[in-house]
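As C-alpha coordinates, the structure follows; a few thoughts come after it.
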Amino acid sequence: MTAHDGGCLCGAVRYRVTAQPQVSCYCCCATCQGASGAPAVSWIAVEESGFTITAGTPVTYESSPSVARTFCGRCGTALTYTNPTYPDDRFQRSSLIAVASITLDDPEAFPPTEVFHGDELPSWLSPHNLSPGGRHHHTGEPE
Amino acid sequence: MDAPMLEGGCLCGAVRYRITGKVPAANLCHCRSCRMATGAPVVGFADLAPGQFAWTRGEPTFYASSPAVRRGFCPACGTSLTYESDDLPGEVHVLSATLDDPAAVPPTGEFFAEEKIPWVHVRLPGAKP
(Lines give C-alpha, C1' and ligand atoms only; values in the text may rest on other atoms or scores of the structure.)
Protein backbone atom coordinates (compact mmCIF):
# COMPACT_ATOMS: atom_id res chain seq x y z
CA MET A 1 0.00 0.00 0.00
CA THR A 2 1.03 3.59 -0.51
CA ALA A 3 2.69 5.08 2.54
CA HIS A 4 0.71 7.66 4.47
CA ASP A 5 2.60 10.27 6.44
CA GLY A 6 1.25 12.30 9.29
CA GLY A 7 2.16 14.15 12.45
CA CYS A 8 1.23 16.62 15.12
CA LEU A 9 0.13 20.25 14.83
CA CYS A 10 3.58 21.77 15.44
CA GLY A 11 5.45 19.22 13.31
CA ALA A 12 7.78 18.02 16.09
CA VAL A 13 6.47 14.45 15.83
CA ARG A 14 6.07 12.81 12.43
CA TYR A 15 5.12 9.25 11.52
CA ARG A 16 4.61 6.97 8.54
CA VAL A 17 1.95 4.29 8.05
CA THR A 18 2.85 1.56 5.57
CA ALA A 19 0.21 -1.08 6.41
CA GLN A 20 -3.41 -1.27 5.32
CA PRO A 21 -5.79 -0.28 8.12
CA GLN A 22 -7.68 -3.25 9.57
CA VAL A 23 -10.10 -1.02 11.43
CA SER A 24 -11.28 2.49 10.57
CA CYS A 25 -13.59 3.77 13.26
CA TYR A 26 -14.86 6.51 15.48
CA CYS A 27 -14.35 5.95 19.17
CA CYS A 28 -16.67 7.95 21.41
CA CYS A 29 -15.59 6.47 24.76
CA ALA A 30 -15.14 8.79 27.70
CA THR A 31 -11.40 8.17 27.71
CA CYS A 32 -10.95 9.09 24.05
CA GLN A 33 -13.02 12.18 24.71
CA GLY A 34 -10.87 13.00 27.71
CA ALA A 35 -7.58 12.34 25.92
CA SER A 36 -8.44 14.54 22.96
CA GLY A 37 -10.80 17.14 24.41
CA ALA A 38 -13.25 16.40 21.60
CA PRO A 39 -16.49 14.36 21.44
CA ALA A 40 -15.15 11.57 19.23
CA VAL A 41 -11.82 10.48 17.77
CA SER A 42 -11.39 8.83 14.37
CA TRP A 43 -8.85 6.01 14.40
CA ILE A 44 -7.22 3.68 11.92
CA ALA A 45 -5.70 0.52 13.38
CA VAL A 46 -2.72 -1.02 11.59
CA GLU A 47 -0.15 -3.72 12.34
CA GLU A 48 2.46 -2.18 14.63
CA SER A 49 5.15 -3.22 12.15
CA GLY A 50 3.49 -0.88 9.63
CA PHE A 51 3.84 2.20 11.82
CA THR A 52 7.07 4.16 12.29
CA ILE A 53 7.87 7.40 14.08
CA THR A 54 9.99 9.33 11.58
CA ALA A 55 10.70 12.50 13.58
CA GLY A 56 10.63 13.44 17.27
CA THR A 57 9.50 11.40 20.26
CA PRO A 58 5.91 11.53 21.51
CA VAL A 59 5.01 11.46 25.20
CA THR A 60 3.27 8.29 26.41
CA TYR A 61 0.42 8.34 28.91
CA GLU A 62 -1.09 5.11 30.28
CA SER A 63 -4.79 5.91 30.55
CA SER A 64 -5.49 2.38 31.92
CA PRO A 65 -3.11 -0.45 32.89
CA SER A 66 -2.84 -1.94 29.39
CA VAL A 67 -3.51 1.22 27.40
CA ALA A 68 -0.77 3.50 26.08
CA ARG A 69 -1.73 6.79 24.45
CA THR A 70 0.84 9.04 22.86
CA PHE A 71 0.75 12.77 22.17
CA CYS A 72 3.16 15.53 21.21
CA GLY A 73 4.64 17.12 24.34
CA ARG A 74 5.13 20.44 22.55
CA CYS A 75 1.67 21.02 21.04
CA GLY A 76 -0.52 18.33 22.66
CA THR A 77 -1.85 16.55 19.55
CA ALA A 78 -3.15 13.06 20.43
CA LEU A 79 -1.48 10.59 18.05
CA THR A 80 -1.77 6.89 18.88
CA TYR A 81 -3.49 4.32 21.08
CA THR A 82 -2.38 0.76 21.83
CA ASN A 83 -4.20 -1.81 23.95
CA PRO A 84 -3.34 -5.49 23.49
CA THR A 85 -6.33 -6.48 25.63
CA TYR A 86 -8.97 -4.46 23.75
CA PRO A 87 -12.10 -6.67 23.49
CA ASP A 88 -12.14 -6.95 19.71
CA ASP A 89 -10.66 -10.03 18.07
CA ARG A 90 -8.87 -7.93 15.46
CA PHE A 91 -6.84 -6.31 18.23
CA GLN A 92 -6.18 -9.63 19.94
CA ARG A 93 -5.32 -11.58 16.77
CA SER A 94 -2.47 -9.29 15.91
CA SER A 95 -0.54 -6.44 17.37
CA LEU A 96 -2.40 -3.32 16.26
CA ILE A 97 -1.70 0.34 16.86
CA ALA A 98 -4.48 2.88 16.41
CA VAL A 99 -3.49 6.16 14.80
CA ALA A 100 -5.66 9.30 15.06
CA SER A 101 -6.51 9.50 11.37
CA ILE A 102 -7.17 13.23 11.41
CA THR A 103 -3.43 13.72 11.98
CA LEU A 104 -2.60 12.17 8.60
CA ASP A 105 -1.38 14.67 6.02
CA ASP A 106 -4.48 13.52 4.12
CA PRO A 107 -7.01 13.55 6.99
CA GLU A 108 -9.83 12.47 4.69
CA ALA A 109 -8.07 9.29 3.57
CA PHE A 110 -9.89 6.80 5.80
CA PRO A 111 -13.57 7.53 6.46
CA PRO A 112 -14.68 5.65 9.59
CA THR A 113 -16.88 2.63 8.88
CA GLU A 114 -17.56 1.66 12.49
CA VAL A 115 -18.50 3.41 15.72
CA PHE A 116 -17.21 2.21 19.08
CA HIS A 117 -18.89 3.27 22.32
CA GLY A 118 -21.44 5.46 20.57
CA ASP A 119 -23.56 5.39 23.73
CA GLU A 120 -20.96 7.55 25.46
CA LEU A 121 -21.33 10.49 23.11
CA PRO A 122 -22.79 13.65 24.60
CA SER A 123 -26.54 13.47 24.06
CA TRP A 124 -26.45 16.30 21.51
CA LEU A 125 -24.39 14.17 19.12
CA SER A 126 -26.01 10.99 17.83
CA PRO A 127 -23.68 8.18 16.76
CA HIS A 128 -26.04 7.43 13.89
CA ASN A 129 -25.74 11.01 12.70
CA LEU A 130 -22.00 10.88 13.13
CA SER A 131 -21.61 7.82 10.92
CA PRO A 132 -24.71 7.14 8.84
CA GLY A 133 -24.74 3.46 7.90
CA GLY A 134 -21.72 2.67 10.07
CA ARG A 135 -21.43 -0.51 12.15
CA HIS A 136 -22.09 0.12 15.82
CA HIS A 137 -20.64 -2.11 18.47
CA HIS A 138 -18.63 -2.32 21.67
CA THR A 139 -20.96 -0.13 23.63
CA GLY A 140 -19.92 -1.65 26.95
CA GLU A 141 -17.34 -0.31 29.34
CA PRO A 142 -14.91 2.37 28.16
CA GLU A 143 -11.40 1.20 27.39
CA MET B 1 -28.32 33.17 44.47
CA ASP B 2 -25.00 31.56 43.67
CA ALA B 3 -23.84 31.80 40.08
CA PRO B 4 -23.96 28.50 38.19
CA MET B 5 -20.61 26.72 38.08
CA LEU B 6 -19.11 24.06 35.85
CA GLU B 7 -15.87 22.19 36.46
CA GLY B 8 -13.65 20.12 34.25
CA GLY B 9 -10.13 19.01 33.56
CA CYS B 10 -7.81 16.71 31.72
CA LEU B 11 -7.88 12.92 31.49
CA CYS B 12 -5.27 12.30 34.20
CA GLY B 13 -6.61 14.95 36.59
CA ALA B 14 -3.38 16.96 36.84
CA VAL B 15 -5.00 20.10 35.41
CA ARG B 16 -8.44 21.30 36.53
CA TYR B 17 -10.53 24.40 35.84
CA ARG B 18 -13.75 26.11 36.86
CA ILE B 19 -16.30 28.10 34.87
CA THR B 20 -18.43 30.60 36.76
CA GLY B 21 -21.70 31.94 35.43
CA LYS B 22 -23.86 31.00 32.50
CA VAL B 23 -21.99 29.86 29.39
CA PRO B 24 -22.87 32.52 26.81
CA ALA B 25 -22.29 30.43 23.66
CA ALA B 26 -21.24 26.99 22.53
CA ASN B 27 -20.06 25.96 19.09
CA LEU B 28 -18.38 23.21 17.13
CA CYS B 29 -15.19 23.99 15.25
CA HIS B 30 -14.09 22.17 12.11
CA CYS B 31 -10.86 24.08 11.45
CA ARG B 32 -7.65 22.20 10.76
CA SER B 33 -5.84 23.77 13.70
CA CYS B 34 -8.48 22.61 16.20
CA ARG B 35 -8.53 19.16 14.61
CA MET B 36 -4.78 18.85 14.81
CA ALA B 37 -4.52 20.26 18.34
CA THR B 38 -6.84 17.51 19.56
CA GLY B 39 -6.34 14.67 17.08
CA ALA B 40 -10.12 14.59 16.56
CA PRO B 41 -12.28 15.41 13.51
CA VAL B 42 -14.53 17.99 15.15
CA VAL B 43 -14.21 19.89 18.41
CA GLY B 44 -16.84 21.34 20.77
CA PHE B 45 -16.29 24.61 22.64
CA ALA B 46 -17.84 26.49 25.54
CA ASP B 47 -17.19 30.09 24.51
CA LEU B 48 -16.75 32.17 27.67
CA ALA B 49 -16.77 35.86 28.42
CA PRO B 50 -13.80 37.48 30.20
CA GLY B 51 -13.61 36.61 33.90
CA GLN B 52 -15.60 33.38 33.75
CA PHE B 53 -12.66 30.97 33.64
CA ALA B 54 -10.08 29.98 36.25
CA TRP B 55 -7.47 27.22 36.48
CA THR B 56 -7.92 25.47 39.82
CA ARG B 57 -5.23 22.76 39.79
CA GLY B 58 -1.94 22.21 37.98
CA GLU B 59 -0.51 24.16 35.10
CA PRO B 60 -1.24 23.54 31.45
CA THR B 61 1.38 23.82 28.74
CA PHE B 62 0.57 26.47 26.14
CA TYR B 63 1.27 26.14 22.44
CA ALA B 64 0.99 29.09 20.04
CA SER B 65 -0.65 27.51 17.01
CA SER B 66 -0.41 30.91 15.32
CA PRO B 67 1.15 34.17 16.58
CA ALA B 68 -2.06 35.45 18.22
CA VAL B 69 -3.35 32.10 19.49
CA ARG B 70 -2.44 30.02 22.53
CA ARG B 71 -3.80 26.58 23.20
CA GLY B 72 -3.57 24.97 26.63
CA PHE B 73 -3.10 21.24 27.17
CA CYS B 74 -2.08 18.92 30.00
CA PRO B 75 1.65 18.15 29.88
CA ALA B 76 1.12 14.77 31.59
CA CYS B 77 -1.70 13.27 29.49
CA GLY B 78 -2.01 15.60 26.49
CA THR B 79 -5.67 16.59 26.81
CA SER B 80 -6.39 19.78 24.90
CA LEU B 81 -8.22 22.15 27.24
CA THR B 82 -8.43 25.76 26.09
CA TYR B 83 -8.12 28.16 23.17
CA GLU B 84 -7.36 31.88 23.54
CA SER B 85 -6.76 34.50 20.88
CA ASP B 86 -5.44 38.05 21.03
CA ASP B 87 -8.35 38.87 18.72
CA LEU B 88 -10.77 37.94 21.53
CA PRO B 89 -9.20 39.64 24.56
CA GLY B 90 -9.92 37.97 27.89
CA GLU B 91 -12.10 35.26 26.38
CA VAL B 92 -11.34 31.63 27.10
CA HIS B 93 -12.80 28.97 24.84
CA VAL B 94 -12.96 25.66 26.68
CA LEU B 95 -13.00 22.28 24.95
CA SER B 96 -16.37 21.13 26.15
CA ALA B 97 -15.56 17.40 26.09
CA THR B 98 -13.27 18.09 29.05
CA LEU B 99 -16.14 19.25 31.29
CA ASP B 100 -17.00 16.81 34.08
CA ASP B 101 -20.35 16.64 32.29
CA PRO B 102 -19.28 16.75 28.64
CA ALA B 103 -22.92 17.01 27.54
CA ALA B 104 -23.52 20.11 29.66
CA VAL B 105 -23.03 22.67 26.92
CA PRO B 106 -24.73 21.64 23.66
CA PRO B 107 -23.31 23.53 20.67
CA THR B 108 -25.70 25.66 18.69
CA GLY B 109 -23.49 26.65 15.80
CA GLU B 110 -20.50 25.59 13.74
CA PHE B 111 -17.29 27.46 12.93
CA PHE B 112 -15.19 26.94 9.81
CA ALA B 113 -17.76 24.68 8.20
CA GLU B 114 -15.83 25.21 4.96
CA GLU B 115 -12.96 23.20 6.47
CA LYS B 116 -15.19 20.33 7.55
CA ILE B 117 -13.98 16.83 6.76
CA PRO B 118 -16.48 15.45 4.20
CA TRP B 119 -17.19 12.31 6.21
CA VAL B 120 -17.95 14.17 9.44
CA HIS B 121 -21.71 14.23 9.87
CA VAL B 122 -23.08 16.21 12.77
CA ARG B 123 -26.60 17.32 13.30
CA LEU B 124 -27.03 19.88 16.02
CA PRO B 125 -30.03 19.89 18.36
CA GLY B 126 -32.95 21.56 16.68
CA ALA B 127 -31.45 21.25 13.20
CA LYS B 128 -33.68 19.88 10.49
CA PRO B 129 -32.90 16.29 9.49
Side-chain angles (χ1 to χ4, degrees), chain A residues 6-12 24 26-28 30-43 58-63 69-81 99-103 107-113 120-126 128-134, chain B residues 8-14 26 28-29 32-45 60-65 71-83 94-99 101-108 115 117-127 129:
Chain A
C8 64
L9 178 59
C10 73
S24 179
Y26 277 110
C27 186
C28 315
T31 319
C32 278
Q33 290 184 41
S36 64
V41 178
S42 55
W43 299 104
V59 177
T60 300
Y61 171 66
E62 293 187 6
S63 58
R69 294 175 183 268
T70 69
F71 63 96
C72 171
R74 183 165 176 266
C75 69
T77 306
L79 293 164
T80 66
Y81 166 99
V99 181
S101 66
I102 217 71
T103 65
E108 302 175 14
F110 298 104
T113 56
E120 296 181 45
L121 274 174
S123 52
W124 44 262
L125 194 56
S126 151
H128 298 281
N129 290 345
L130 198 62
S131 179
Chain B
C10 65
L11 182 58
C12 74
L28 296 176
C29 188
R32 177 181 181 276
S33 189
C34 279
R35 296 195 314 250
M36 289 294 287
T38 56
V42 60
V43 181
F45 283 98
T61 296
F62 290 98
Y63 172 67
S65 57
R71 295 174 181 273
F73 66 96
C74 171
C77 69
T79 306
S80 292
L81 294 162
T82 57
Y83 168 98
V94 179
L95 284 86
S96 59
T98 68
L99 289 164
D101 174 8
V105 187
T108 56
E115 293 185 41
I117 296 290
W119 45 254
V120 168
H121 303 280
V122 291
R123 190 188 304 161
L124 295 177

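Excluded from the calculations below are hydrogen atoms, water molecules and symmetry mates; all remaining heavy atoms, backbone and side chain alike, are included.
- Per-residue heavy-atom pair counts under 4.5 Å with chain B were compared for A:T60, A:T103, A:L79, A:V59, and the maximum is reached by A:T103.
- Minimum heavy-atom separation, B:V43 to A:P39: CA-CD, 4.3 Å.
- Separating the OG1 atom in B:T79 from the CZ atom in A:R69 is a distance of 9.0 Å, to the nearest 0.5 Å.
- For the pair B:Y63 and A:T77, the minimum side-chain heavy-atom distance is 4.5 Å or more.
- Here the shortest heavy-atom pairing between B:S80 and A:S36 reads CB-O, 3.5 Å.
- B:A76 touches chain A through its backbone: at least one of N, CA, C or O sits under 4.5 Å from a heavy atom, while the side chain does not.
- Taking every heavy atom of both residues into account, B:C12 and A:Y61 meet most closely at CB-OH, 3.1 Å.
- In this structure, the side chains of A:C8 and B:M36 stay at 4.5 Å or more apart for every pair of heavy atoms.
- Of the two parts of A:T70, neither the backbone nor the side chain holds a non-hydrogen atom closer than 4.5 Å to a non-hydrogen atom of chain B.
- Heavy-atom distances place the backbone of A:A40, and not its side chain, under 4.5 Å from chain B.
- Note on A:C75, A:P122, A:A100: by heavy-atom pairs under 4.5 Å with chain B, the leading option is A:C75.
- Of the possible donor and acceptor atoms, none in the side chain of B:W119 sits under 3.5 Å from a partner among the backbone N and O of A:P112.
- Remark: side-chain polar atoms of A:S42 are not paired, donor with acceptor, to backbone N or O of B:P41 under 3.5 angstrom.
- The contact between B:C74 and chain A is made entirely by backbone atoms, counting heavy-atom distances below 4.5 Å.
- Comparing B:I117, B:T98, B:L28 by heavy-atom pairs within less than 4.5 Å of chain A, the highest count is held by B:I117.
- Of the listed residues A:L121, A:V41, A:I102, the one with more heavy-atom pairs under 4.5 angstrom with chain B than any other is A:I102.
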Test side chain to side chain contact (heavy atoms under 4.5 Å, CB included) on B:S65 and A:L9; report intermediate values, then the result.
CA-CA 8 Å; B:S65 57; A:L9 178 59; 3.8 Å; yes
